[in-house]
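Each chain gets a letter, A, B and so on, in the order its sequence line appears, and its residues count up from 1.
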2 protein chains.
Amino acid sequence: MSLEHAILVSLMERAGSGYELARRFDRSIGYFWSASHQQIYRTLKRMADVGWVNQEVVYQNARPDKKVYRPSTEGQEALRAWISEETGEANTRATLAVKLRGASYGDTGALVDQFTHYRDAALRQLSVYREIEARDFPDAESLSGRALHQYLVLRAGILEEQTLAAWCSEVIARLTEVLKQPQNPEHARDEAQPADAR
Amino acid sequence: MSLEHAILVSLMERAGSGYELARRFDRSIGYFWSASHQQIYRTLKRMADVGWVNQEVVYQNARPDKKVYRPSTEGQEALRAWISEETGEANTRATLAVKLRGASYGDTGALVDQFTHYRDAALRQLSVYREIEARDFPDAESLSGRALHQYLVLRAGILEEQTLAAWCSEVIARLTEVLKQPQNPEHARDEAQPADAR
DNA sequence: GTAAGCATGTAAGCGGTTACATGATTTA
DNA sequence: TAAATCATGTAACCGCTTACATGCTTAC
């Protein structure tokens, strides 16, 4: 969900062409958010139409010309709003990862709230799984056949929610730790600039 | 991927109508595989066209008539083949969960091989993340700003792959343990019958 | 000479979501 | 009387994948 925002985050870190973005999505961002080049080209076009990015054609002699995109003021505003906005159910982990990666361009405090919300949801789901485990698999050690298979699927759910909750806790701890330091305020103006504005 | 096979597994456990399947996908199966009722209806139709399921219209007086589906011989064969078939990159965890849930209708030994393969892939990815961690974040304790955010996203990847590998190991251990018991062979004929054949 | 990298696109198709539609029965 | 349950469907749309297409440069 919301490839637009993932692209915005990437473009905030460094302006680039569709091709360059596609390569980034193959590497770092692609570990948790994949996108083909066709998808990126079309999304960039749409974003340019809406005014979230500015296009600049760069003419090259040895190589094909390229269109370099960078977030517009509206795009930066949209990203900022999206980061603070409540994160839906779909693809939550990947979405939160993108928001986290773009935290410098938004409100870190609001993001901490969302991680708290998501951690609570994970813990709730975990207790649901725990109840199913206690009710349906009291003697988990001695299972076989379909019951064992069902139990092992349940185990995946339990392990997953535990991991999710642990990750959220870690994120919350580290982000609040930084937020508390008055000499290093995350919300400072100079922190909200693109990385390539040097 | 492959809602067809998830439906087949569910129908092997118990024959049912599209509506009933939709309700099951809201509950147990839905924890790791979601599907709307429209999606299920269309998929069932397609499956009936291909001959993977047999349709039987059940006339009811107090309630609307319904179409009860059960896997055909071809459907059962397709399911069996799919469970042994190599699992692709996309949505691997959910796919393996479905295969695991349907293990009784396929070759458990082949499934163990796939979990082994997937665990190895998780461990390889984990070591990739570990290398990035060592290279880019040698002093992870004292990070702030964008570097901290990037590190925390990386942490999600590390935790995820660890969890995945742990789950696979658990599944492999439990499945092979059962397979080794000669008095309880998973591949026996009477184990491969639908659960509602009583 | 061939493959890989740079760079952008069109077109077809597919899986999935959302909205809309119908209509009876049971429960609150 | 309103809402929920049972039961199945059509239609529009959207995001994404896959295949196809072009053309130049650099490295092996």
_Rounded distance in Å - CD (B:Glu89) to P (D:dC16)_ = 19 Å
*Expressed in angstrom and rounded to an integer, what is the separation of B:Lys66 atom NZ from C:dT25 atom P?*
17 Å
*Choose from D:dT8, C:dA7, D:dT25 the nucleotide whose nearest atom is closest to any side-chain atom of A:Ala62.*
D:dT25
_Can you work out whether B:Arg23 or B:Tyr69 has the more 5'-proximal nearest nucleotide on DNA chain D?_
B:Arg23
*For B:Lys67 and D:dC6, what is the distance between atoms NZ and C1' respectively, to the nearest whole Å?*
15 Å
*asked:* Can you see if the side chain of A:Gln60 gets near the phosphate of C:dA7 - specifically, an N or O under 4.0 Å from OP1 or OP2?
replied: yes
*What is the distance, rounded to the nearest whole Å, between atom CZ of A:Phe25 and atom C1' of D:dC16?*
14 Å
*Just to confirm, is there a sub-4.0 Å distance from OP1 or OP2 of C:dG16 to any side-chain nitrogen or oxygen of B:Ser36?*
no
*asked:* Would the distance check show the side chain of A:Gln114 and the main-chain N or O of A:Glu85 forming a donor-acceptor pair, the cut-off being under 3.5 Å?
replied: yes
*Of all the nucleotides listed (D:dA7, C:dT17, C:dA7), which has the minimum atom distance to the side chain of B:Ser34?*
C:dT17
*Can you check the B:Asp65 CG to C:dG23 P distance for me, whole Å?*
15 Å
*Does B:Ser17 place a side-chain N or O at less than 4.0 Å from the phosphate oxygens OP1/OP2 of D:dC6?*
no
_Expressed as a whole number of angstroms, how long is the span from B:Ile7:CD1 to C:dG15:P?_
12 Å
_Distance, nearest 0.5 Å, that separates CG of A:Asp113 from CG of A:Leu175_ = 11.0 Å
*Answer yes if the ring centres of B:Tyr31 and A:Tyr129 are under 6.0 angstrom apart, and no otherwise.*
yes
*asked:* Contact between A:Trp52 and A:Glu4 at the side-chain level, heavy atoms closer than 4.5 Å - yes or no?
replied: yes
*Between C1' of C:dT8 and CG of A:Leu21, the distance in whole Å*: 13 Å
_Distance, rounded to the nearest Å, where B:His37 contributes NE2 and D:dA7 contributes C1'_ = 9 Å
*Working for salt bridge (Lys or Arg N to Asp or Glu O under 4.0 Å), residues B:Lys66 and B:Glu20*: CA-CA 10 Å; B:Lys66 61 178 178 180; B:Glu20 282 161 1; 2.9 Å; yes
*Would you jot down, in residue-number order, the residues of residues 38-49 of chain A having a non-hydrogen atom under 4.0 Å from DNA chain C?*
A:Gln38, A:Tyr41
*Is a side-chain donor or acceptor of B:Arg174 paired with a backbone partner of A:Glu141 at a separation under 3.5 angstrom?*
yes
_Working to the nearest 0.5 angstrom, can you tell me the gap between A:Thr95 OG1 and A:Leu100 CG?_
12.0 Å
